[in-house]
Amino acid sequence: MVSLAASTLSRNFFPNPSLSCTVRALRTTLLRLHSKPTSWVPFMPSLKSFSAHFSASNLNMSKSQNETLGSQDDLVVLGIETSCDDTAAAVVRSNGEILSQVVSSQADLLARYGGVAPKMAEGAHMQVIDQVVQDALDKASLTEGDLSAIAVTIGPGLSLCLRVGVQKARKIAGIARLIERDLQFPFMALLISGGHNLLILARDLGHYIQLGTTIDDAIGEAYDKTAKWLGLDMRRSGGPAIEELAREGDAEAVKFSTPMKQHKDCNFSYAGLKTQVRLAIESRSMEAMCSNAKIPISSASSEDRSSRADIAASFQRVAVLHLEERCERAIEWALKIEPSIKHLVVSGGVASNQYVRARLDQVVRKKNLQLVCPPPSLCTDNGVMVAWTGLEHFRMGRYDPPPPANEPEDYVYDLRPRWPLGEEYSEGRSEARSLRTARIHPSLTSLIQASMRQQP
């Protein structure tokens, strides 16, 4: 789901309610609660919240029902996000006010394992999920009974981690403004995170065209692995560590090849660049840098630090150049489809990187577009994006029924670790094995469009 939000966390607003769910929280499930503290709770799923899983019966609401929901201005939604390595929850009003936001970081685990370890991440989520949700409610001065609905990410992400958030949301349900005010549909969105790269054309809420996506490793994964191999401090994740060290290095020192130069599409691949980085580290003549990388950067010699900085800077230059080339082509495609596009929205953890923002800003300016980025605190995993996406679809009457009172322990949750947001643009279609696997599930756009055709 594309998370776009205001610059501070306390009582923030999303002035344009149709947009804040756009880039990061692509797929969400929503459980609707009664406006008064009674027991019925319909359920709706969360780019991590662009996409939603909806039952056919609830997608086919009548026009009058949709209008009634859409006219409500006093809705309060709890968003829960556990798709990867942070546990997050937030409470948002339908007027765009952020009542609370709580995030529990797994930075220590990231540093210990040099990346995300799914089983360890699951355990960390389970330890803190109850407290994170309760803190979000307490900071909003609300109880579970005050909620209108609950939104939770069901994909994409790690299955073990997604399950924790879905279980919590269903348990609760069984019991009980953007910075850029001119941002309107249609617009383009780029998601860049540890698990995903995604380029889409957002034509309307629930109507997306996929211009490009990840066929193997995402840019955030490449940053993390490079940081680990260079012996950097992973407690803030690899991205900030690489960005900081790269400022000391020569970005032309190591001649890495730009990924997929021969492919004239908008898809992304970082597996090959990771291999290039690893081989470059192994081949450095300065005292076998691979073993040296076990020495923290803070303890490295001046010569060793300089070599690591050169690799970091050279890696970052090529990693971001791959983004630039893909975005430039995607903008050309999108303008053919929707000539009125004025903005490229960028979100995901890597969107916090100032070098990335600066380079992408140059790309969009050449195309007479404007770059829109959320504040760094809302680029990474958070519950605000999930809650707002759920709220927008809730307004449209898109949600699933509440779970039964006595749901069996062996109930199989509908989790979608790989789930297309929209239909692929014909010129950008790839037959990579990972994308064939992702097509197992119909895209969110196709589900919503089908339901709209069935409405009277």
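Just so it is clear, the structure is predicted and the values come from calculations on it, not from any experiment.
Checked against Phe315 for a ring pair (Phe, Tyr, Trp, His ring centres under 6.0 Å), the options Trp229, Tyr223, Tyr355 give a single hit: Tyr223. Under the side chain to side chain donor-acceptor pair (under 3.5 Å) rule, Lys274 has a single partner from Asp216, Asp224, Asp217, Thr226, which is Asp217. With respect to Val76, the side chain to side chain contact (heavy atoms under 4.5 Å, CB included) criterion is satisfied by exactly one of Leu142, Val92, Asp146, Leu391: Leu142.
In plain terms, the two heavy atoms of Ala90 and Ala387 that are nearest each other are O-CB, 4.0 Å. Taking all atoms of both residues into account, the shortest heavy-atom contact from Cys84 to Ala121 is O-CB, 3.9 Å. Across all their heavy atoms, Asn382 and Glu81 have their closest contact at O-CB, 3.5 Å. Closest approach of Gly115 to Met234, counting heavy atoms only: N-CE, 4.4 Å. Nearest heavy-atom pair, Ser148 versus Phe394, reported as atom, atom and distance to 0.1 Å: O-CZ, 4.3 Å. Residue Ala319 comes nearest to Ile219 through the heavy atom pair O-CD1, 4.0 Å, listed as atom of the first residue, atom of the second, then distance.
For the pair Leu205/Arg398, a side-chain contact is recorded, criterion being any heavy-atom separation below 4.5 Å from C-beta on. The shortest distance between side-chain heavy atoms of Arg203 and Ile209 falls below 4.5 Å. Counting only heavy atoms from C-beta outward, the side chains of Leu371 and Val346 approach each other to under 4.5 Å. Inter-residue side-chain proximity for Arg112 and Leu109 is flagged as met; some heavy-atom pair is nearer than 4.5 Å. Two residues are said to be in side-chain contact when any heavy atoms from C-beta on lie closer than 4.5 Å; Ile150 and Tyr399 fail this criterion. The shortest distance between side-chain heavy atoms of Leu201 and Ile341 falls below 4.5 Å.
At distances below 3.5 Å, at least one donor-acceptor pair connects side-chain atoms of Ser94 with backbone N or O atoms of Leu75. Looking only at distances, a side-chain donor or acceptor of Tyr208 sits under 3.5 Å from a matching main-chain atom of Gly206. Judged by distance alone, the side chain of Arg170 and the main-chain N or O of Glu407 form no donor-acceptor pair under 3.5 Å. A donor-acceptor pair is defined here as one N or O able to donate and one able to accept, closer than 3.5 Å; no such pair exists between the side chain of Thr213 and the backbone of Leu198. Of the possible polar contacts, none joining the His125 side chain to the Ser83 backbone as a donor-acceptor pair under 3.5 Å is found. Distance alone, capped at 3.5 Å, is enough to place a donor-acceptor pair between the Asn353 side chain and the Val356 backbone. Between the side chain of Asn406 and the backbone N or O of Pro404, no donor-acceptor pair lies under 3.5 Å. A donor-acceptor pair under 3.5 Å links the side-chain atoms of Ser100 to the main chain of Ala136, judged by distance alone. Counting only distance, with no hydrogens or angles, the side chain of Asp86 and the backbone of Gln106 share a donor-acceptor pair below 3.5 Å. Without hydrogens or angle criteria, Arg93 side chain to Asp74 main chain gives no donor-acceptor distance under 3.5 Å.
We find the CD1-CG distance between Ile172 and Leu137 to be 6.5 Å, quoted to the nearest 0.5 Å. Note: Leu191 CG to Leu421 CG = 9.5 Å, rounded to the nearest 0.5 Å. Gln131 contributes atom CD, which lies 12.0 Å from atom OG1 of Thr87 (distance to the nearest 0.5 angstrom). One distance of note links SG of Cys327 with CD of Gln362; it measures 13.0 Å at 0.5 Å rounding. Here the OG1-CD distance, from Thr214 to Glu221, works out to 11.0 Å after rounding to the nearest 0.5 Å. A distance of 13.5 Å separates CZ in Phe268 from CG in Leu273, rounded to the nearest 0.5 Å.
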Legend entry - Criterion side-chain contact (heavy atoms from CB on, under 4.5 Å) on Val364 and Met188, from CA distance to verdict: CA-CA 11 Å; Val364 300; Met188 288 184 62; over 6 Å; no

Inset, instruction - Assess whether side-chain contact (heavy atoms from CB on, under 4.5 Å) is satisfied between Met260 and Asn267, documenting all intermediate values. - result: CA-CA 8 Å; Met260 299 182 71; Asn267 293 317; 4.2 Å; yes

Inset, instruction - Just do the side-chain contact (heavy atoms from CB on, under 4.5 Å) check on Leu162 and Thr153 with the steps written out, would you? - result: CA-CA 7 Å; Leu162 291 167; Thr153 305; 3.8 Å; yes

Inset, instruction - For the pair Tyr270 and Asn197, evaluate side-chain contact (heavy atoms from CB on, under 4.5 Å) and give the outcome as yes or no after the intermediate values. - result: CA-CA 10 Å; Tyr270 283 94; Asn197 284 48; 3.6 Å; yes

Inset, instruction - Decide yes or no on salt bridge (Lys or Arg N to Asp or Glu O under 4.0 Å) for Arg365 and Asp361, but give the supporting numbers first. - result: CA-CA 6 Å; Arg365 287 180 182 274; Asp361 188 55; 2.7 Å; yes

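Ionic pairing of Asp135 and Lys139 is not present here: no N-O contact between side-chain nitrogen and carboxylate oxygen is shorter than 4.0 angstrom. Taking a cutoff of 4.0 Å between a charged side-chain nitrogen and a carboxylate oxygen, Glu332 and Arg329 do not qualify as a salt bridge.
Within a 6.0 Å sphere centred on NZ of Lys342, other residues, nucleotides and ligands contribute 12 heavy atoms or fewer.
In this model, no donor atom of one side chain and acceptor atom of the other lie less than 3.5 Å apart for Gln134 and Asp130.
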